[in-house]
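Take a look at the structure set out below.
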Amino acid sequence: MSFNSRWRNRQLREHVAVIDDKLIPTLVLKNATYLNVYIKKWMQANIWIYEDRIVYVGDRLPEHTNIQMIDCQGQYLVPGYIEPHVHPFQLYNPHTLSQYASQTGTAVFINDNLTYLYLLDNKKAFSVIEELDDLPTSLYWWARFDSQSTLQDEEKFIRKANVLSWLKHDAVIQGGELTSWTSVLKDDDRMLHWMQEAKRLRKPVEGHFPGASLETLTRMKLLGADSDHEAISGEEAYKRLILGYRIALRHSSIRPDLRKILRELKDYDVHSYDNVMMTTDGSPPSFYESGIMNKCIEIAIEEGVPLEEAYLMASYNAAKHFGIDHLVGSIGPGRIAHINFLKEKNNPTPVSVLAKGKWIKYEENIQYEQPSFDWKKYGIKSLSLDWELRDSDFRFFVPIGLEMANDVIMKPFTITNGLQTDEISEDNHEAFLTLMDQHGEWRIATLLRGFTKTLGGLVSSYSSTGDITLIGKRKSDIRIAFDRMKEIGGGIVLADNGKVICELPLKLAGKLSDEPMEELIKKEKELSNKLKEHGYQFTDPIYTLLFLSASHLPYLRITPKGIIDVKKKEVLFPTIMR
């Protein structure tokens, strides 16, 4: 089955036969008031569905009598929502995320493939993608061009990624995001080639341009960028729109900018939203407690965006941008039967949900329990570490530490004391910080300021590179947390005063949970609350752990190559072999 042409000739003939009353529709939605996205108008029609496809929208009812027919009087039907910028590996995995999100109407996901590049070869990754397509949701993918960190062997990573094979895959519908866009501007012709190959395949290229000037945005437009999601103000959004970018406005855990940007865009007299999408940008599980794209639409409506435009910003606009509007993003003949049923036009949280023609939820009751997904058959299993911490791993020598400006921005500070002690006083926010190779081959150690005031130890196998992060006030508690993390097969473990006080198991390669989102939300909230009790000062500790080693953010990062100055792309202090 092709991702972009789902139905074979035989099936297409059957769909036409339904219109000719030679076959019986699977489901008919009569007296439906639905949003016609093509003319941005609410209309009335009878909607016929055959298996996973909408085959008719119009005045007729089928001649047959033994048909499942739902009277939609008093409800409002809108297309299944599209999340255009998904990081589906933020503790959860693509299977559990899509299952959970579909219950509040998000049926289509455009997903980051980065974690696949770290965990699987392409053959296995493509097999996973194809198996996930059996779900009622529609999952599409990006093709990443870089690792988002500074690796020991970047060339090995790129060879393994085999970017061109990803770009050519039918389920891959965009190139990017371009976290290493500065190297393209400078001299990276290989990445520029991949961008042009994406264009040749008629797949858009997504940028990642925080704080970019009009001139920089223009340069990247000339090189092939089509969209960006990094605007944090109405001015930045407006700059991108006037240059022809499609933009995704963020409502995420660390960048809840959507409401602010929509308000500020009014000052620019913006009345057209055709090139505007919305995204939650891969927030942690607890951020999704009330849903995903339904919450974005709710904010847009509250900020005065016309109802029709608000729904298009979470459906049809994204479908057009990615070239999949012949399949998703609308209620019309030939589209996949992703339909949300609303009680009120201005309440985007559906009471009933159809995805690929299956009832996910009907009148507030969950109808479809997605089957479990066997990640182990693809080699993704519990983390197994065959090495121990040594006394030498706690020898700190780097004179520059990382100070948190916010959840993810790290500034340098000069270390004056505390490196050789066994614990750090609780009268400040400094803590030991070590990044260790997952295979125990290298390490880099310094201090982190702003993460905790009192916590003895935290050890996490959840990081952007898959390496092990150790943080804490006391080396003895860090050891306890590390041993427990090994014992549970990967995850995030907190220890204090000689005992484990919280743990979040990540049984899939130490990076992902295999638990349902509802359970994961509870555990993540418990973990975050514990960290805040011990002095975490910001909003999202999960993102802090993820991005400590991510080199696309300023100013200083702790990476597999060592501590680097992001702007200068210089290794200030290299990792050392153990």
Do you see a donor-acceptor pair shorter than 3.5 Å between the side chains of Ser183 and Ser180?
yes

Are the side chain of Asp228 and the backbone N or O of Tyr245 linked by a donor-acceptor pair below 3.5 Å?
no

Stepwise side-chain hydrogen bond (donor to acceptor under 3.5 Å, both in side chains) check, Tyr368 with Gln103:
CA-CA 9 Å; Tyr368 183 85; Gln103 297 167 14; over 6 Å; no

Does the pair Val172 and Tyr140 meet the rule for a side-chain contact (heavy atoms from CB on, under 4.5 Å), with working shown?
CA-CA 6 Å; Val172 173; Tyr140 298 93; over 6 Å; no

To check you understand the geometry: which heavy-atom pair defines the closest contact between Met220 and Leu178, and what is its length?
CE-CD1, 4.1 Å

Give the intermediate values and the outcome of side-chain hydrogen bond (donor to acceptor under 3.5 Å, both in side chains) for residues Glu524 and Ser286.
CA-CA 7 Å; Glu524 185 238 322; Ser286 60; 2.9 Å; yes

Is there a side-chain contact between Ile339 and Ile54 in this structure, where contact means two heavy atoms from C-beta onward sitting under 4.5 Å apart?
yes

Close side-chain approach of Thr96 and Leu520, heavy atoms under 4.5 Å:
no

Is Glu236 paired with Lys239 through a side-chain N to carboxylate O contact shorter than 4.0 Å?
no

Hey, can you tell me if Phe126 and His169 have their rings parallel, tilted or perpendicular (30° and 60° cut-offs)?
tilted

For residues His552 and Phe547, establish whether the separation of their ring centroids is below 6.0 Å.
yes

Determine whether the side chains of Arg144 and Asn113 contain a donor N or O and an acceptor N or O closer than 3.5 Å.
no

If the test is side chain to side chain donor-acceptor pair (under 3.5 Å), which one of Lys295, Lys525, Lys522 qualifies with Glu289?
Lys525

Any carboxylate oxygen within less than 4.0 angstrom of a Lys/Arg side-chain nitrogen, looking at Glu264 and Lys260?
yes

Sub-4.5 Å side-chain heavy-atom contact between Ile47 and Val28:
no

Step through it carefully: locate the ring centre of Trp181, locate the ring centre of Phe209, and say whether they are under 6.0 Å apart.
yes

Decide if atom CD of Glu364 counts as having more than 12 heavy atoms of other residues, nucleotides or ligands within a radius under 6.0 Å.
yes

Please say whether more than 12 non-hydrogen atoms of neighbouring residues, nucleotides or ligands are located less than 6.0 Å from CZ in Arg202.
no

Cut-off 3.5 Å, side chains only: do Thr106 and Asn294 have a donor facing an acceptor?
no

What about Tyr378 and Trp375, are their ring centers closer than 6.0 Å?
no

For Glu515 and Lys523, what are the C-alpha separation, side-chain angles and deciding distance, and is it a salt bridge (charged side-chain N to carboxylate O under 4.0 Å, His left out)?
CA-CA 10 Å; Glu515 292 193 270; Lys523 291 183 178 180; 2.7 Å; yes

Check salt bridge (Lys or Arg N to Asp or Glu O under 4.0 Å) between Asp514 and all other residues, then give those that pass, not counting sequence neighbours.
none

Check the orientation of Trp166 and Tyr116. Use parallel for under 30°, tilted for 30 to 60°, and perpendicular for over 60°.
parallel

The test is salt bridge (charged side-chain N to carboxylate O under 4.0 Å, His left out); show your working for Arg250 and Glu230 and say whether it passes.
CA-CA 8 Å; Arg250 284 182 296 194; Glu230 287 291 328; 3.2 Å; yes

Please say whether more than 12 non-hydrogen atoms of neighbouring residues, nucleotides or ligands are located less than 6.0 Å from NZ in Lys507.
no

Between Asp281 and Arg255, does any NZ, NE, NH1 or NH2 come within less than 4.0 Å of an OD or OE carboxylate oxygen?
no

With Val205 as reference, evaluate Glu177, Gln174, Lys199, Gln196 under the side-chain contact (heavy atoms from CB on, under 4.5 Å) test and give the passing residue.
Lys199

Can you label the angle between the Phe145 ring and the Trp194 ring as parallel, tilted or perpendicular, going by 30° and 60°?
tilted

Ring centres under 6.0 Å, that's the criterion: do Phe538 and Tyr543 meet it?
no

Under the criterion salt bridge (charged side-chain N to carboxylate O under 4.0 Å, His left out), I'd like the reasoning laid out for Arg246 against Asp274: C-alpha separation, chi angles, the key distance, then a yes or no.
CA-CA 9 Å; Arg246 293 247 174 87; Asp274 291 350; over 6 Å; no

For the ring pair His87 and Trp142, is the centre-to-centre distance below 6.0 Å?
yes

Note, Val408 side chain near Asn406 side chain (heavy atom, < 4.5 Å):
yes

Are the aromatic rings of Tyr118 and Phe157 close, with centres under 6.0 Å apart?
yes

Could you tell me whether Asp133 and Lys356 make a salt bridge, using a distance below 4.0 angstrom between a side-chain N and a carboxylate O?
yes

Verdict with supporting geometry, Ser149 and Ser549, side-chain hydrogen bond (donor to acceptor under 3.5 Å, both in side chains):
CA-CA 6 Å; Ser149 186; Ser549 55; 4.8 Å; no

Any non-hydrogen side-chain atom of Val163 less than 4.5 Å from a side-chain atom of Met191?
no

Electrostatic pair Lys41:Glu308 at N-O distance under 4.0 angstrom
no

Under 3.5 Å, is there a donor-acceptor pair linking the side chains of Thr280 and Glu83?
yes

Which atoms form the tightest heavy-atom contact between Ser551 and Thr150, and what is the distance?
OG-OG1, 3.3 Å

Can you label the angle between the Tyr76 ring and the Trp42 ring as parallel, tilted or perpendicular, going by 30° and 60°?
perpendicular

Nearest heavy-atom contact between Tyr81 and Pro348 is OH-O, 2.6 Å

Would you say Thr544 and Asp407 are linked by a side-chain donor-acceptor pair, where the criterion is simply a distance under 3.5 Å?
no

Can a salt bridge be assigned to the pair Arg259 and Glu302 using a cut-off of 4.0 Å between side-chain N and carboxylate O?
yes

Which heavy atom of Leu383 sits nearest to which heavy atom of Ser461, and what is that distance?
CD2-CB, 3.7 Å

Under 4.0 Å between a Lys/Arg side-chain N and an Asp/Glu carboxylate O for Arg6 and Asp52?
yes

pair Lys345-Val78: side-chain heavy atoms closer than 4.5 Å
no

Under the side-chain hydrogen bond (donor to acceptor under 3.5 Å, both in side chains) criterion, do Arg53 and His15 qualify, and how do the steps go?
CA-CA 8 Å; Arg53 197 181 197 196; His15 299 164; 2.9 Å; yes

Over all atoms of both residues, closest heavy-atom pair of Ser513 and Leu508
O-CD1, 3.9 Å

Quick one: closest heavy-atom pair of Leu546 and Ser463, and the distance?
CD1-C, 3.9 Å

Contact check, side chains of Trp48 and Val18, non-hydrogen atoms, under 4.5 Å
yes

For the rings on Phe287 and His251, is their centre-to-centre separation under 6.0 Å?
yes

Are any of the side-chain heavy atoms of Thr465 and Leu151 separated by less than 4.5 Å?
yes

